[in-house]
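Here is the structure we will look at.
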Amino acid sequence: MIFGDNGGRFPHCHTLLLIESEEITLFDPQCGRDHLERKLNNVGKSWKNIKNIVNTHFHADHTASNGFIKNKNPNVQILIHRDDAKGIESTEEYFRRYGLNGKAKTHYKSIFKYIGYRQTIPDRLFEEGDLIPGGFKVIHTPGHTPGHCCFYKSGILIAGDVDLVGRPWVSNTTSNVNDFYKSINKLLNLDFNVFLPGHGRPIFNKTEILSELKIYQKKLINTGKKILDLIDGDLTLEEILNKRDRERDTTIWSQNPFMKLFRRYDTLNYLYYLEQMGKIKKVERNGLNLWEKK
Ligand SMILES: [Zn+2]
């Protein structure tokens with residue numbers, strides 16, 4: 001495991017480097033390019049030894065170096081789940097999934113430029129149960145993104161952004177709270193003792209992995225409850241957002257155009273979840289969408 005630059009935080013993640021004789025597979029190669037090159041050199045390898053890049057999902061803090069590596073070695077095969085393929089194929093689709101427009105989109109484009117992001121066409125699409133390089137089995141774990149996957153092999157789990165950092169991130173327009181919950185259930189049924197996340201810290205103890213995963217999963221339920229508690233009478237999304245903002249230090253949300261948007265989509269995703277659970281309903285009055293308790 002190569003710990004990512006910037007403490008493995010955005011725009012970086014931890015990378016898994018898997019060496020099988022002369023061939024190398026990289027899982028989410030966004031740990032930092034110089035850093036990655038040094039690690040390759042340390043084991044007597046170079047870009048030309050890389051055979052495969054496997055992505056856990058389409059986010060740039062996992063995929064931004066796909067294009068750079070493909071440029072160094074055109075034989076590299078890029079693999080991703082079919083539901084996230086469009087997210088790396090087209091930056092416009094990337095922005096659509098993030099719900100970015102106007103200033104936020106321009107701002108995000110400058111981040112893409114800074115990190116040298118390039119859209120790439122995947123060479124192979126996988127799905128639940130497929131075997132990928134290194135003999136890992138694909139565990140489709142949607143929620144964070146529709147095509148998010150973890151990879152499992154003899155007690156080892158490559159977990160991507162089921163990373164146990166803070167609470168599960170469901171702030172894309174295509175994120176889904178209930179899917180994330182069910183995906184964690186799927187992981188809880190696996191027998192593993194090595195947990196390798198895309199961010200945060202690895203864990204090497206089965207009991208601790210299971211207990212941390214349950215705590216992480218519970219945060220989905222608790223956030224849903226908190227939002228449910230805010231709803232009295234019928235409220236618009238703006239009113240719910242204002243109530244949510246009053247409950248915490250809002251400086252970070254008001255200063256960063258992404259954070260404000262992420263907050264909005266996060267709230268919408270929880271409202272959708274509460275609707276699905278039969279706790280609230282959405283009504284339309286005078287052309288306004290309103291949410292009220294059932
Ligand atoms: Zn992500």
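If you're wondering where the values come from, they're calculated on a predicted model, not measured in any experiment. One-based numbering, in listed order, for ligands and for the atoms of each.
Side-chain contact between Cys149 and Thr56 is absent, with no heavy atoms from C-beta onward closer than 4.5 Å.
A salt bridge links Asp232 to Lys243: at least one charged side-chain nitrogen sits closer than 4.0 Å to a carboxylate oxygen. The pair Arg97-Asp84 meets the salt-bridge criterion, since a charged nitrogen lies less than 4.0 angstrom from a carboxylate oxygen.
No side-chain N or O of His148 forms a donor-acceptor pair with one of Asp83 less than 3.5 Å apart.
Of the possible polar contacts, one joining the Lys70 side chain to the Val76 backbone as a donor-acceptor pair under 3.5 Å is found.
Inspection of the environment of the Zn ion (ligand 1) yields the following protein N, O or S atoms under 2.8 Å: His57 NE2, His59 ND1, His144 NE2, Asp161 OD2.
Judged as a ring-ring contact (aromatic ring centres under 6.0 Å, His included), the pairs with a partner in residues 84-103 (not counting sequence neighbours) are, in order, Phe58-Tyr94, His59-Tyr98, Tyr94-Tyr98, Tyr94-Tyr108, Tyr94-Phe112, Tyr94-Tyr117, Phe95-Phe112, Tyr98-Tyr108, Tyr98-Phe262.
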